[in-house]
Amino acid sequence: MDSVDAAIVRELQKDARLPNKDLAQRVSVAPSTCVVRHRSLRERGVITGYHAEVDLAAVGRPVQAVIAIRVRPHTRAIVGPFMEYALSLPEVLALSHVAGPEDFLVHVAVADTAHLQRLVLDRFTTRREVSEVQTNLLFQHVRKHTIPPTG
């Protein structure tokens, strides 16, 4: 990636709906150059998609938590199906397979603490491979929207 690609990525992270002519102006290139560069970034997998940011409280899920889960045995045969299961749950926002005392960190959003309790007790602790669960309630979750490329 050169400085023009980096500038395009930076601007699109700020506003993915930016029209090409405005994007080109912000990164100081011709609109035709900008559209070719943008397409190349998508084709190379640098830009992997676009999405709408949603206010979780506005869609009835104001309570967020990170659930740390340990599975046993920690094998490929268990990890893959567990990840598929967790990602199929509507409450799950993100899932990380991690090194350390826990095997997974599961970011969830729910309606209230009773919903969180049901999720933990009915969806996670009932699974045979789950040996330990620790729930951490999030008071606030702030996400960076612009990640500068390295180099």
Side-chain angles (χ1 to χ4, degrees), residues 1-71 74 76 78-120 123-125 130 132-151:
M1 279 187 37
D2 64 13
S3 62
V4 173
D5 286 344
I8 290 170
V9 169
R10 184 177 53 253
E11 292 301 324
L12 289 173
Q13 286 181 100
K14 292 178 191 173
D15 182 1
R17 295 173 41 151
L18 197 59
N20 184 65
K21 67 180 178 83
D22 295 341
L23 178 60
Q25 184 179 28
R26 289 186 188 184
V27 301
S28 302
V29 298
S32 58
T33 300
C34 189
V35 77
V36 169
R37 293 289 196 111
H38 188 178
R39 183 181 307 121
S40 173
L41 288 164
R42 287 192 316 267
E43 289 170 353
R44 291 181 300 170
V46 175
I47 296 174
T48 59
Y50 306 89
H51 72 279
E53 193 77 22
V54 175
D55 180 331
L56 293 170
V59 295
R61 299 202 180 175
V63 176
Q64 293 182 61
V66 173
I67 305 170
I69 298 175
R70 180 180 286 178
V71 296
H74 187 200
R76 201 173 288 282
I78 296 296
V79 167
F82 179 80
M83 289 178 71
E84 286 180 33
Y85 170 76
L87 289 170
S88 75
L89 298 172
E91 296 89 351
V92 174
L93 301 176
L95 170 73
S96 299
H97 183 204
V98 297
E102 292 84 21
D103 299 315
F104 297 98
L105 297 177
V106 185
H107 182 188
V108 301
V110 294
D112 52 36
T113 57
H115 185 176
L116 179 60
Q117 181 183 34
R118 286 191 307 277
L119 177 66
V120 170
R123 300 290 185 207
F124 289 118
T125 62
V130 173
E132 190 174 321
V133 174
Q134 181 179 357
T135 304
N136 298 286
L137 191 61
L138 299 181
F139 291 130
Q140 186 176 16
H141 179 260
V142 180
R143 186 174 157 267
K144 284 179 68 173
H145 295 283
T146 305
I147 309 300
T150 60

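Everything numeric here is computed off the predicted structure, so don't read it as measured data.
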Under 3.5 Å: donor-acceptor pair, side chain of Arg42, backbone of Thr48: no
Partners of [X] by side-chain contact (heavy atoms from CB on, under 4.5 Å), sequence neighbours excluded?
{"X": "Leu18", "value": "Glu11, Asp15, Asp22, Leu23, Arg26"}
{"X": "Ser28", "value": "none"}
{"X": "Ala16", "value": "Tyr50"}

Partner set under side-chain hydrogen bond (donor to acceptor under 3.5 Å, both in side chains) for Asp2, not counting sequence neighbours: Arg37
Return each pair, listed once, that meets side-chain hydrogen bond (donor to acceptor under 3.5 Å, both in side chains) where at least one residue sits in residues 79-95; pairs must be two or more places apart or across chains. Glu91-His115
Considering only heavy atoms from C-beta outward, does the side chain of [X] approach that of [Y] to under 4.5 Å?
{"X": "Asp5", "Y": "Val46", "answer": "no"}
{"X": "Gln134", "Y": "Ile69", "answer": "no"}
{"X": "Leu137", "Y": "Leu116", "answer": "yes"}
{"X": "Glu53", "Y": "Arg143", "answer": "yes"}
{"X": "Leu93", "Y": "Gln64", "answer": "yes"}

Straight-line distance of [X] [atom1] to [Y] [atom2], nearest 0.5 Å:
{"X": "Arg118", "Y": "Thr113", "atom1": "CZ", "atom2": "OG1", "value": "9.5 Å"}
{"X": "Phe124", "Y": "Leu119", "atom1": "CZ", "atom2": "CG", "value": "5.0 Å"}
{"X": "Glu132", "Y": "Asp103", "atom1": "CD", "atom2": "CG", "value": "9.5 Å"}
{"X": "Arg44", "Y": "Arg39", "atom1": "CZ", "atom2": "CZ", "value": "13.0 Å"}
{"X": "Lys21", "Y": "Cys34", "atom1": "NZ", "atom2": "SG", "value": "12.5 Å"}
{"X": "Ile8", "Y": "Leu41", "atom1": "CD1", "atom2": "CG", "value": "6.0 Å"}

Minimum heavy-atom separation for [X] to [Y], with atom names?
{"X": "Ala65", "Y": "Thr135", "value": "CB-CG2, 4.2 Å"}
{"X": "Leu56", "Y": "Ala109", "value": "CD1-CB, 3.9 Å"}
{"X": "His38", "Y": "Leu12", "value": "NE2-CD1, 3.4 Å"}
{"X": "Ala68", "Y": "Glu102", "value": "CB-CG, 3.3 Å"}

Can you tell me which residue pairs pass the ring pair (Phe, Tyr, Trp, His ring centres under 6.0 Å) test with a partner in residues 87-113, sequence neighbours excluded? His74-His97, Phe82-Phe104, His97-Phe104, His107-His141
Does Gln117 CD have over 12 foreign heavy atoms under 6.0 Å away? no
Answer yes or no: are there more than 12 heavy-atom neighbours, outside Arg70 itself, under 6.0 Å from its atom CZ? yes
